[in-house]
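Everything quoted here is computed from the prediction, not taken from an experiment. As the structure lists them, so they are numbered: ligands from 1, and atoms in each ligand from 1.
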Amino acid sequence: MLNLHDALKHTDIDPSLKEVLDTIAATCKSIGGKLKGGALSSVYGSESSENIQGEVQKKLDVVANALLKHALLNNRHVAGVASEEEEDVIGGSDEGRYLVTFDPLDGSSNIDINVSVGTIFSILPTKTPGSQVTMQDFLQPGHQQVAAGYVLYGPAITLVLTTGNGVDMYALDYDGDYYQTHKQIQVPKATQEFAINMSNQRFWEAPMQDYIADVLQGEEGPIGKRFNMRWIASMVAEIHRILTRGGIFMYPWDSREADKPGKLRLMYEGNPMSFLVEQAGGACSTSQGSIMDIQPEQIHQRVPVIMGSKEEVERIEVYHQQSGD
Ligand code: P6P
């Protein structure tokens, strides 16, 4: 089996991008080590602080963010980073040609209950090599990404990665190396498994309510097949399931915060996961169009997310088109 380093050697991607990916993979090994310690590693529980999102930070949110920030800002190929846990972007190496956005520990409300969480990352080319980065440099549509991936800290620690030529999966072995387990993953075009937080049903727009109502009618309904439901409250785990066996993941706009387009963030959740899912033959949508077409206006902006098996994403878009929403 190829390890990550050798697998990347077989690609024609820029050697400095390989070094950035190696840094992320190595840092996520450290994060995984802290998680594996569980309650013994004294990183359970929350800080007294809140992040820029106004969310109470878990101790491991802060630790994971610090590890990734330190490692990436000491990589000469990284021009700057942006994190869910940092209000502003942070400049790195003047010779760096890559910008990295990341959610250091997505789904961290699951840490204390020992359920899977993950690190999500997205890599963009810097538009101003040689000069100090600004937030404007990061505000590029998702189609500009040169790489994206996640590390899922589950029963196994799994790295899933695209550099624009399909999606490959790696498992972290006991020897501390990542070994390639799957190449060129393909998301099944059809599915009978949906993921959404049903407790928000009354807050969704009518087309989403109509779609889910039809899904719940199973074989007797207009969609004509029975669906199963999953909701892990950890986007990395949901998308990993979808990349592995298909499915549809939805976090749509809802009226609880009507002035915001959704809960999930575009730059370090929506875009990287869209890149992975589309590279694996799936589809991604805001319900009106491709997530990766959005021109970002600020680093922490949110986005409604519908992604997974192409047939289901397209069906949901039709529900919205027919309602004129
Ligand atoms: P809810 C985790 O907080 C997260 O950002 C995603 O990983 C996850 O899919 C979603 O939010 C869960 O949200 O409202 O169900 O807790």
Donor-acceptor contact below 3.5 Å, side chain Asp106 vs main chain Met235: yes

Pocket residues of ligand 1, ordered first by chain and then by residue number (heavy-atom cut-off under 4.0 Å): Asp106, Gly107, Asn197, Trp231, Ala233, Ser234, Met235, Phe249, Tyr251, Lys263, Leu264, Glu269

SB check Lys69 Glu85 (cutoff 4.0 Å): no

Tyr178 ring center near His5 ring center (under 6.0 Å): no

Using distance only, find each side-chain donor-acceptor pair of residues 277-286 under 3.5 Å and give its atom names and separation, not counting sequence neighbours.
residue: Gln279; atom: OE1; partner: Asn165; partner atom: N; Å: 3.3
residue: Gln279; atom: OE1; partner: Gly166; partner atom: N; Å: 2.6
residue: Ser285; atom: OG; partner: Ser287; partner atom: N; Å: 2.8
residue: Ser285; atom: OG; partner: Gly289; partner atom: O; Å: 3.4
residue: Ser285; atom: OG; partner: Glu317; partner atom: OE2; Å: 2.6
residue: Thr286; atom: OG1; partner: Gln288; partner atom: N; Å: 3.0
residue: Thr286; atom: OG1; partner: Gly289; partner atom: N; Å: 3.3
residue: Thr286; atom: OG1; partner: Gly289; partner atom: O; Å: 3.3

Contact list for residues 201-225, test ring pair (Phe, Tyr, Trp, His ring centres under 6.0 Å), sequence neighbours left out: Tyr211-Tyr319

For residues 147-157, dump all side-chain donor-acceptor pairs below 3.5 Å to protein atoms at least two apart in sequence or in another chain.
residue: Tyr150; atom: OH; partner: His240; partner atom: ND1; Å: 2.7
residue: Tyr153; atom: OH; partner: Thr119; partner atom: OG1; Å: 2.7

